[in-house]
Number of protein chains: 2
Amino acid sequence: MRGNVAKKLQEPKSASSPASRSYRIEEQVGYLLRRAHQRASAIFQVGIGDPNITPTQYSSMVKLNEYTELSQNLLGRLVGMDKATMQGVVRRLKERGLVDSRPDPGDARRTLLSLTTEGQRLVNKLLINGPAVSRETMKPLTAQEQRQLLELLSKIV
Amino acid sequence: MRGNVAKKLQEPKSASSPASRSYRIEEQVGYLLRRAHQRASAIFQVGIGDPNITPTQYSSMVKLNEYTELSQNLLGRLVGMDKATMQGVVRRLKERGLVDSRPDPGDARRTLLSLTTEGQRLVNKLLINGPAVSRETMKPLTAQEQRQLLELLSKIV
DNA sequence: CCCATATCGTTCGTGTACGCACGATGGCCA
DNA sequence: TGGCCATCGTGCGTACACGAACGATATGGG
């Protein structure tokens, strides 16, 4: 296709306003984070080993694998998801028989979540591919840059 | 509230499998990118000056402000959005009278997009807040770390 | 000139993401 | 002990995000 994007483009208006000392959207953190997150998700999807498992579902299962049993709200805090978002993620995992729930005997407001045997089996299979997904995502970086990126991201989360 | 998350937590199963040399989800790029993107979006929403404008809508308007007129597909490529996603973003911007469209006289498949006067007025107002939003997002970092982060993110996008 | 192939925009389905409001429950303090 | 306030999970509305399928249009090679 040789699609040359710049082909029939007019020049950017540029030097538009005097105050804007070159504000380029491509250089803003928020923009770059969105793009980087998109790419990471795409790599995850092909590399994790099950096209039906999403990054958030994976995070949730990994945490449930660590803690055995967690309330829905606490799980959400541990993986950084809104309770409304968590609700949807958990519902889909339950529909697929990967997660089970029971009322918390000590607090009737809570639902305790845990992996089913099937869920445990799956997450242990996916965990094998986890490191490779992370490696692939950071492939363009040197080892030192990879450590830097992780450190910097940790600071702004 | 003093909500101590670790209160009634069982110990993580830890040291579970011999092969897993401490794979922590919190240290994976994909996970950190998701969290960082969430935080950046939240900061954008309160800082950009109009709670009804989303980051993607903003990016689109900024690009249209630079180029005056673009096809929907090309705009999508410039701001890193799928054509299906672009369709929804553009539809909402049109519904609010911020963007106009006309058929491309030279290619009947294309739709040419441009900002309305109202859209131009708005984006120029929002652009004033853009730098502050980026600053706030990277506040936890030193000036040097901020430059590093932008550089590293550029490489993995 | 015609047809295979590509591009453009739309639609549908699924899945995050989150604010808000709601009802039920729990904890604490007057 | 009774009432106030916080927490828990759910439901609703809106907005990205993207694969897949679709019809209309463009283009280039035979």
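Lettering of chains follows the sequences in order, A, B, ..., and the numbering in each one begins at 1.
Straight-line distance from the CZ atom of B:Phe44 to the P atom of C:dA17: 18 Å, rounded to whole Å. Rounded to a whole Å, the CZ atom of B:Arg39 is 17 Å from the C1' atom of C:dA17. Across the protein-nucleic acid pair, B:Met86 atom CE and D:dG19 atom P stand 16 Å apart, rounded to whole Å. Following rounding to the nearest Å, A:Lys83 (NZ) and C:dT25 (C1') show an atom-to-atom distance of 13 Å. Atom C1' of nucleotide D:dA6 and atom CZ of A:Arg77 are separated by 12 Å, given to the nearest angstrom. In this entry the distance linking CZ of A:Arg102 with P of D:dG9 reads 13 Å, nearest Å. When the P atom of D:dA6 is taken as reference, atom CG of A:Asn73 falls 16 Å away, rounded to whole Å.
For the pair A:Arg109 and B:Ala42, both in contact range of DNA chain C, the more 5′-proximal nearest nucleotide belongs to B:Ala42. When each of B:Ala108 and A:Ser71 is assigned the nucleotide of DNA chain D bearing its nearest heavy atom, the one mapping closer to the 5' terminus is A:Ser71.
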Side-chain donor-acceptor distances from residues 148-157 of chain A under 3.5 Å, at least two apart:
from: A:Ser154; atom 1: OG; to: A:Leu150; atom 2: O; distance (Å): 2.7
from: A:Lys155; atom 1: NZ; to: B:Glu145; atom 2: OE2; distance (Å): 2.7

N/O donor to acceptor pairs below 3.5 angstrom from side-chain atoms of residues 88-99 of chain A, sequence neighbours left out:
from: A:Arg91; atom 1: NH1; to: A:Glu95; atom 2: OE2; distance (Å): 3.3
from: A:Lys94; atom 1: NZ; to: A:Ser101; atom 2: OG; distance (Å): 3.1
from: A:Arg96; atom 1: NH1; to: A:Asn52; atom 2: O; distance (Å): 2.7
from: A:Arg96; atom 1: NH1; to: A:Gln57; atom 2: OE1; distance (Å): 3.3

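B:Arg147 pairs by the salt bridge (charged side-chain N to carboxylate O under 4.0 Å, His left out) definition with nothing, not counting sequence neighbours. The salt bridge (charged side-chain N to carboxylate O under 4.0 Å, His left out) search around B:Arg135 returns none, not counting sequence neighbours. In terms of the side chain to side chain donor-acceptor pair (under 3.5 Å) criterion, residue partners of B:Thr54 (sequence neighbours excluded) are, by chain and number, B:Thr56.
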Any protein N or O atoms within reach of nucleotides 12-16 of chain D? Criterion: under 3.5 Å, listing atom names and distances.
from: D:dA15; atom 1: OP1; to: B:Arg96; atom 2: NH2; distance (Å): 2.7
from: D:dC16; atom 1: OP1; to: B:Thr54; atom 2: OG1; distance (Å): 2.4
from: D:dC16; atom 1: OP1; to: B:Thr56; atom 2: OG1; distance (Å): 2.7
from: D:dC16; atom 1: OP2; to: B:Arg92; atom 2: NE; distance (Å): 2.5
from: D:dC16; atom 1: OP2; to: B:Arg92; atom 2: NH2; distance (Å): 2.3

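Look at B:Arg110 and you won't find any side-chain N or O under 4.0 angstrom from OP1 or OP2 of C:dT10. Considering only side-chain N and O atoms, B:Gln87 lies nowhere under 4.0 angstrom from the phosphate OP1 or OP2 of C:dG9.
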